[in-house]
Amino acid sequence: MKRIYSYTKQTFRFRRWNRAGYSAFMSIGKQVSIGHLHTDVADGLLRDKHLSLNLLPAFLAKSEGDLDSESSSDDGDSLIQQQDALLTCLSLSQNTVLPASCNLRNGNCLQPISSSAEGIGFLFYNTMKRLGLFFGATLLSLSSYCQEDTLTVNVETVEIEKKMSSLASESFRIVTTLSKQEIAAMPVRTVSDLLDYLPGVDVRSRGTNGVQADMSVRGGTFDQVIVLLNGINITDPQTGHQNLDIPIDISIVDRIEVLQGTSMNVFGLSSFSGAINIVTCEKTDNNVEVGMSGGSDGYFSPHAGIRLTKDKWTISASISENRSEGYIQNTDYSFVNAFVHTRYHDSKIGNCNFQIGIQNKEFGANSFYSLKYPDQYEKDKTLLSAFQWEKQIKRLNVSSALFYRAHYDEFQLFRDMTDAPAWYTKHNYHISQVSGGNVKSAFFGKYGKTTLGVELRNEHIISNVLGDSLAENKKVPFTSESDSIFFIYGKNRLNLNYFGEQTFLFGKFSTSVGFSGNYNTMFQSNFCWGINMGYKFAQACRLYANVNNAVRLPTFTDMYYKSATQLANPDLRPEKSITTEVGAKGLTEQFTYRISAYYRIGKDIIDWARTPSEEVWKSMNIDNVNAFGTELSVRYNPKKFLKSVGATYAFCTLDKHSGTLVSKYALDYLHNSVTFDVNHKIYKHWGANWQLSYRERSGTYVGADGNTAQYEPFTLLDLQTYWENDFTKLFIEVSNLFGEKYFDYGGIEQPGMQLRAGITVQL
């Protein structure tokens with residue numbers, strides 16, 4: 001007897017997502033993939049204003065397929081630039097046939113419940129990739145067959161939200177992204193220590209725990225790196241030594257992006273050798289976090305933070321303190337950070353962001369700038385604020401920003417005048433201020449994206465050392481009334497920055513051509529250009545090649561600083577470079593890789609140098625400093641007992657024409673750098689993260705005995721072991737586990753083994 005069986009397909013719909021152990025997806029015990037709309041597809045969709053929903057499956061077929069929502073953020077397929085297209089809206093204004101069972105909310109089809117007659121639906125769901133490279137942009141297209149009647153629904157708008165690198169298009173270069181989870185697993189407590197693990201990045205510390213560090217990329221100097229906070233350029237015009245004076249605690253950081261190389265879309269002239277962007281207030285969860293850690297040499301650091309989301313508002317705030325008695329004499333420090341970041345999202349008004357932060361820092365600077373004077377001391381105060389607005393108008397994205405940064409610096413060559421010689425009568429005082437605004441637009445046309453931007457940026461300094469004579473002296477703040485200390489010098493320069501870039505998309509091939517320029521009241525006009533190309537074979541392989549030109553203006557310290565050991569040159573010229581880079585990168589479900597090679601031709605490179613017979617360092621334009629290097633990084637994420645394992649290698653060599661000059665910065669560079677990291681479970685909630693690094697630096701320095709010495713290579717092993725659940729994390733960290741003796745800069749000895757322990761609780 002012939003039997004006929006009927007089967008009705010059912011689709012489960014999940015409206016809430018949770019990582020708790022009892023949650024549906026977690027209880028399955030297997031990896032769950034959630035489809036996402038690839039950025040190249042999203043840009044293709046934006047080219048067609050009246051695109052029918054019936055075409056969505058064809059577009060989705062172009063993507064590399066479903067990616068795990070927790071896969072690595074290093075996949076590098078973004079086309080978003082600085083402050084560009086936080087939200088990209090696709091208008092679908094025509095009638096579309098959907099299944100009768102489709103559940104609609106706010107004009108969006110969430111998902112068909114059952115299926116039988118031919119129809120099309122799609123699921124829009126905002127999701128976050130694990131390492132924070134994408135925020136949202138999940139669009140799941142489903143074709144189904146059902147026996148039920150259909151109805152016609154007018155879908156007004158569909159939002160496609162893309163959160164990608166704010167620094168540059170990753171289709172044409174390397175942008176390394178660290179997520180909040182990766183940051184939390186590393187045995188570091190500060191942003192500067194964290195950056196030292198990245199390929200091609202050289203962080204030269206003078207003290208511990210982020211007291212002061214100079215960051216360089218690909219053999220450049222610390223003045224050649226642009227620093228941004230949530231896309232706002234906060235680079236200090238006085239000196240790059242203060243670029244990492246950022247008033248945030250590492251616990252509030254959601255993502256860090258590091259660009260190796262140059263980019264058209266970083267305001268100012270192109271970033272000369274690299275850029276770093278620190279992103280906060282990106283997540284929209286509600287939580288309160290408090291923590292405390294302590295350790296060697298009187299180290300103590302409490303912090304507290306809160307993040308609240310209500311309707312269209314997200315508010316994030318943090319306050320933290322960090323202090324230590326120091327690992328050797330005159331290396332004690334204390335600093336306090338306070339930071340508030342608010343976000344407001346409205347489909348009519350647009351996206352609004354406001355951030356404000358303050359930092360107060362004091363630290364013993366034992367031999368920081370000269371080995372002859374071990375009793376140096378420094379007091380810094382930082383205030384920064386910015387307002388940003390962004391709006392999508394059909395295929396046009398418009399964004400703007402207003403920003404202000406003030407930095408107060410008091411430098412004491414002899415701490416509190418103790419044992420000061422007769423010729424030393426006063427400390428150095430400086431206040432630098434940066435203010436301005438910018439406007440940027442991106443238009444998605446038939447063949448690609450056109451981006452234009454303009455910025456007005458004013459840089460001002462008053463000092464008793466730097467600049468030209470003031471017409472009227474000004475009293476120095478933050479000193480006792482009995483002190484008759486005045487600012488007698490000052491300088492102001494106005495910058496008009498502008499750029500334009502056209503990106504073309506032709507299937508798997510993409511290319512961009514751009515220019516940027518700067519008019520400065522001191523240095524007149526300077527121009528940059530760039531050509532970038534990328535080709536995508538598959539998700540697991542993307543090739544790119546680019547040629548970019550960059551210019552950097554001298555800092556106020558480069559031009560005006562005078563002391564017993566340094567003499568600046570007010571006639572310095574801007575430094576220039578042309579960089580060529582080729583590379584490949586790829587992503588699979590558990591494996592990522594990146595490899596690149598670059599050659600940078602540098603002209604008029606600015607450095608502090610001297611001959612072996614001199615004692616005074618002088619700022620000068622060195623004729624040519626050319627850099628060649630390669631970088632390789634691989635990462636494997638099995639997500640079992642072994643959570644992740646990674647390795648990086650960076651090689652750099654400089655072809656310099658400086659004769660017998662001894663360099664203080666530009667000719668001392670990281671020649672070979674190797675890092676290994678392993679993150680693994682121990683038992684249930686216990687885990688450990690190991691970081692092994694090898695550093696080989698080229699160059700020489702003059703020791704305290706006056707003799708010239710070569711930098712010696714060194715190896716460091718850092719460890720974090722932890723216990724954590726959904727609410728609490730206990731950790732013990734050991735840095736420099738073997739007690740290696742080494743020098744990051746000159747003859748300034750770095751600390752031996754350091755032990756820290758702490759607890760973090762989320763409510």
Query raised in the report: Would you say the side-chain atoms of E455 and N497 include a donor-acceptor pair closer than 3.5 Å?
Result: yes

**Report entry** Carboxylate-amine/guanidinium proximity below 4.0 Å for D254 and R307
**Finding:** yes

Query raised in the report: Would you find a donor on one side and an acceptor on the other, under 3.5 Å apart, between the side chain of Q359 and the backbone of I246?
Result: yes

Query - SB check K312 D346 (cutoff 4.0 Å) - result: yes

Requested in this report: For the residue pair Y344 and W313, categorise the inter-ring angle as parallel (less than 30°), tilted (30 to 60°) or perpendicular (more than 60°).
Outcome: tilted

Query raised in the report: Taking the side chain from K681 and the backbone from A688, do they hold a donor-acceptor pair closer than 3.5 Å?
Result: no

Report task. Output yes when D249 and R189 qualify as a salt bridge under the 4.0 Å nitrogen-oxygen rule, no when they do not. Result -> no

Query - R635/D677 ion pair, N-O < 4.0 Å - result: yes

Query - Point-to-point distance, once rounded to the nearest 0.5 Å, from CG of N397 to CD of Q392 - result: 4.5 Å

Query raised in the report: Strictly by modelled atom types, are N230 and T280 linked by a side-chain donor-acceptor pair under 3.5 Å?
Result: yes

Query raised in the report: Are the aromatic rings of F478 and Y408 close, with centres under 6.0 Å apart?
Result: yes

Query raised in the report: Hey, does the side chain of N277 reach the backbone of G231 with a donor-acceptor pair shorter than 3.5 angstrom?
Result: yes

Query raised in the report: Between D245 and K381, is the closest basic N to carboxylate O distance under 4.0 Å?
Result: no

Report task. Check whether any side-chain N or O of R405 sits under 3.5 Å from a backbone N or O of I234 as a donor-acceptor pair, and report yes or no. Result -> yes

Requested in this report: Tell me yes or no: between the side chains of Y299 and S293, is some donor less than 3.5 Å from an acceptor?
Outcome: yes

Report task. Verify salt bridge (Lys or Arg N to Asp or Glu O under 4.0 Å) between D214 and R206, making sure each step is shown before the conclusion. Result -> CA-CA 8 Å; D214 297 338; R206 288 185 170 86; 2.7 Å; yes

Query - Residues N209 and N322: side-chain donor-acceptor under 3.5 angstrom - result: no

Query raised in the report: Taking the six-membered ring of F443 as reference, does the NZ or CZ atom of K449 fall below 6.0 Å from its centre and within a 45° cone about the axis?
Result: no

Query raised in the report: salt bridge (Lys or Arg N to Asp or Glu O under 4.0 Å) between E182 and K180: does it pass, once the steps are laid out?
Result: CA-CA 5 Å; E182 286 181 307; K180 190 175 186 67; over 6 Å; no

Report task. Quick one: pull up CD in Q181 and NZ in K643 and give me the separation to the nearest 0.5 Å. Result -> 10.5 Å

Report task. Applying side chain to side chain contact (heavy atoms under 4.5 Å, CB included), run through S251 and E289 and close with a yes or a no. Result -> CA-CA 9 Å; S251 63; E289 180 178 304; 3.4 Å; yes

Requested in this report: Please report the shortest heavy-atom distance between S347 and K391, naming the atom on each side.
Outcome: O-NZ, 2.5 Å

Query raised in the report: Just checking, is any N or O donor in the side chain of H407 or S432 under 3.5 Å from an acceptor N or O on the other one?
Result: no

Query - Over all atoms of both residues, closest heavy-atom pair of S216 and V225 - result: CA-CG2, 3.9 Å

Query - Where R457 and N233 come nearest, the two heavy atoms and their spacing - result: NH1-O, 3.4 Å

Requested in this report: Would you check if the side chain of N679 reaches a backbone N or O of S644 as a donor-acceptor pair within less than 3.5 Å?
Outcome: no

Query raised in the report: Do any N or O atoms from the side chain of T235 and from the backbone of V227 form a donor-acceptor pair under 3.5 angstrom?
Result: yes

Query raised in the report: Are E390 and N351 linked by a side-chain donor-acceptor pair shorter than 3.5 Å?
Result: yes

Query - CZ/F727: more than 12 non-hydrogen atoms of other groups inside 6.0 Å - result: no

Query raised in the report: Are Y722 and N689 linked by a side-chain donor-acceptor pair shorter than 3.5 Å?
Result: no

**Report entry** Trace of the ring-ring contact (aromatic ring centres under 6.0 Å, His included) decision for F222 with H241
**Finding:** CA-CA 7 Å; F222 59 90; H241 292 312; 4.3 Å; yes

